[in-house]
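Data first, discussion second: the structure below is written as structure tokens.
Quick note: numbers below take in every heavy atom, side chains included, and nothing from hydrogens, waters or symmetry partners.
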Amino acid sequence: MSVVIIIPTYNEAENVDAVFYKVHAALPDARVLFVDDNSPDGTREKIRNLQECHPDAVLLLDRDQKEGLGKAYVAGYAHALKICPDGELFIQMDADLSHDPTYLPGMVAAAAKADLVVASRYVDGVSIVNWPLHRLIISKMGTAFARMVTGLPITDCTSGFKCYRREVLEAIGLDSIRSNGYVFQVETSFRAWRMGFRLEDFSIIFYERQHGESKLDLSIALEAFVIICRLGLQRCLQRGARSERLPVTRVP
């Protein structure tokens, strides 16, 4: 299947070469779209150097300013859908190698029977390396809260390592998504699920970034709380109109 990898970047100059070559080793025929939010550390120049060496495999969406993770992904998906009309699967992942590219072939295989494959840190307990305890507690509480309120049938609602079939991205209304921080992951999965697409967990081990700094802050957490509550209210309002059964796959 034709695969496009979307990787948002902001101050990831230390990571872009490594993540590209590891992705390329795992899926040699995939195209990698970097979505850069005007990084001041030379990230774009690194990506352009990669383009010169791999013009068929490296794509760049150069944005004017940093607007948040959600807007970067919306712009990236819209651009990828447009410039890669043959693309069948669209995979999002972080630039910092916390998402191991060796899982990519397995996620592509899983997409044969699912519309949205979500790489989960919590299928088999907790599979996270080098996180401080307080961050692990926040993450576990956040995904538990999201599952309880929205009803999502996945174990890692805030995972940023996901594989979408093209028809999912075209159906969920990317241009109307309100969330911008990590809750973007919850909202997109929620929309796909409520539309009847099949979601499936894919177990991974998550590794803390080796270079750069985390983008998580209090404003992102507050946004997540508000939007998850709104999604829960939406679910309650729709409950009488449709079954709460897990959707069957739309994959033939």
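Between the side chain of Asp201 and the backbone N or O of Val123 there is no donor-acceptor pair closer than 3.5 Å. In this structure, Lys162 contributes its side chain and Gln185 its backbone to a donor-acceptor pair below 3.5 Å. Without hydrogens or angle criteria, Asp96 side chain to Ser98 main chain gives a donor-acceptor distance under 3.5 Å. Panel note: side chain Asp41, backbone Ala13; a donor-acceptor pair is recorded below 3.5 Å. For Arg31 (side chain) and Asp56 (main-chain N/O), no donor-acceptor pair under 3.5 Å exists by modelled atom type.
Side-chain contact check for Thr43 and Asp36: no donor-acceptor pair (N or O, by modelled atom type) lies under 3.5 Å. With no hydrogens or angles considered, no side-chain donor-acceptor pair links Thr102 and Lys22 at under 3.5 Å. Counting only N and O atoms by type, the side chains of Ser39 and Lys66 include no donor and acceptor under 3.5 Å apart. With no hydrogens or angles considered, no side-chain donor-acceptor pair links Arg121 and Thr155 at under 3.5 Å. No donor-acceptor contact under 3.5 angstrom links the side chains of Glu88 and Ser2, judged on distance only. For the residue pair Glu12 and Asn15, a side-chain donor N or O sits within less than 3.5 Å of a side-chain acceptor on the partner.
Rounding to the nearest 0.5 Å places CD1 of Ile83 at 5.5 Å from CG of Leu33. Put simply, SG on Cys163 and CE on Met93 are 12.0 Å apart, with the number rounded to the nearest 0.5 Å. Within the model, atoms CD1 of Ile137 and CE of Met141 stand 8.0 Å from one another, a figure rounded to the nearest 0.5 Å. Here the CD1-CD distance, from Ile47 to Glu52, works out to 13.0 Å after rounding to the nearest 0.5 Å. Rounding to the nearest 0.5 Å gives a distance of 4.5 Å between CZ of Arg63 and CG of Asp37.
In this structure, Glu200 and Ser120 have side chains that are not in contact, with every pair of non-hydrogen atoms separated by 4.5 Å or more. Side-chain contact check for Val108 versus Val3: some heavy-atom pair is nearer than 4.5 Å. At least one side-chain heavy atom of Val32 sits less than 4.5 Å from a side-chain heavy atom of Ile7. Considering only heavy atoms from C-beta on, Leu116 stays 4.5 Å or farther from Arg198 through its side chain. Proximity of Thr143 to Tyr122: side-chain heavy atoms (C-beta onward) are separated by under 4.5 Å at one or more points. By the 4.5 Å heavy-atom criterion applied to side chains, Ile91 and Phe161 are counted as neighbours. Under the 4.5 Å side-chain criterion, counting only non-hydrogen atoms from C-beta, Trp193 is in contact with Pro153. Counting only heavy atoms from C-beta outward, the side chains of Ser179 and Val186 never approach each other to under 4.5 Å.
Between His99 and Tyr103, the gap from one ring centroid to the other reaches at least 6.0 Å.
Under 4.0 Å is where a charged nitrogen must lie from a carboxylate oxygen, and between Arg48 and Asp62 at least one such pair does.
Atom CG of Asp86 has more than 12 neighbouring heavy atoms from other residues, nucleotides or ligands inside a 6.0 Å radius.
Minimum heavy-atom separation, Met107 to Ala119: CE-CB, 4.1 Å. Nearest heavy atom pair, residue Thr9 against residue Phe34, reads CG2-CD2, 3.8 Å. Residues Cys84 and Phe90 approach most closely at O-CZ, 4.3 Å, considering heavy atoms. In this structure, Ile5 and Leu27 approach most closely via the heavy-atom pair CD1-CD1, 4.3 Å. Nearest heavy-atom pair across Leu199 and Ser189 is CD2-O, 3.8 Å. Residue Arg166 comes nearest to Gly87 through the heavy atom pair NH1-O, 2.8 Å, listed as atom of the first residue, atom of the second, then distance.
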Check residues 69-78 and write down every donor-acceptor pair under 3.5 Å in which the side-chain atom is one partner and the other belongs to a residue at least two apart or another chain.
| unit_1 | atom_1 | unit_2 | atom_2 | d |
| --- | --- | --- | --- | --- |
| Tyr77 | OH | Gln92 | OE1 | 2.8 |

